Amino acid sequence: MLADATGPVTLLVAVDNGPARRLYDSLGFERVERRPAFYDDGTDALLLVGDPAQAADDR
């Protein structure tokens, strides 16, 4: 999916989902904002943005 993106990609990830956050960090995603109690169990979410084209340019 990221390889086919033509611009920035946004996603939400739970703050306590360490493995997913490490993956997104490794792909160059950056935190844009925190959404308190976003999930049904009250967990906060982080809104992340990444630009696959920029990441490819950096390689």
Side-chain angles (χ1 to χ4, degrees):
M1 176 189 93
L2 293 176
D4 293 333
T6 59
V9 175
T10 59
L11 57 89
L12 291 163
V13 63
V15 295
D16 60 358
N17 189 341
R21 291 180 61 191
R22 285 189 293 279
L23 171 65
Y24 299 137
D25 284 345
S26 75
L27 295 171
F29 281 80
E30 296 183 12
R31 178 179 162 179
V32 176
E33 69 180 49
R34 186 177 185 125
R35 296 189 178 175
F38 181 81
Y39 295 102
D40 290 340
D41 67 357
T43 302
D44 293 357
L46 298 176
L47 176 64
L48 306 178
V49 64
D51 190 340
Q54 180 66 39
D57 291 344
D58 290 343
R59 289 185 212 152

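Computed from a prediction, not measured in an experiment: that's the story for all the values here.
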About how many Å separate CG of L12 and CG of L47, when rounded to the nearest 0.5 Å?
->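 If I round to the nearest 0.5 Å, the distance is 5.5 Å.
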Distance-minimising heavy-atom pair for A37 and D44 |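 A37 and D44 have their closest heavy atoms at N-OD1, 2.8 Å.
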Student check: side-chain heavy atoms of [X] and [Y] closer than 4.5 Å:
| X | Y | value |
| --- | --- | --- |
| L48 | V32 | no |
| V9 | V49 | no |
| P19 | N17 | yes |
| Y24 | V13 | yes |

Indicate if Y39 and L11 have the same hydrophobic cluster label, given that clusters are the connected sets of ILVMFWY residues with side-chain heavy-atom separations under 4.5 angstrom.
->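 Cluster IDs for Y39 and L11 differ.
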With the threshold set at 4.0 Å, does a side-chain nitrogen-carboxylate oxygen contact exist between R31 and E33?
->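 A salt bridge is absent here (no side-chain N lies under 4.0 Å from a carboxylate O).
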Taking R21 for its side chain and V15 for its backbone only, find out whether a donor-acceptor pair lies under 3.5 Å.
-> yes
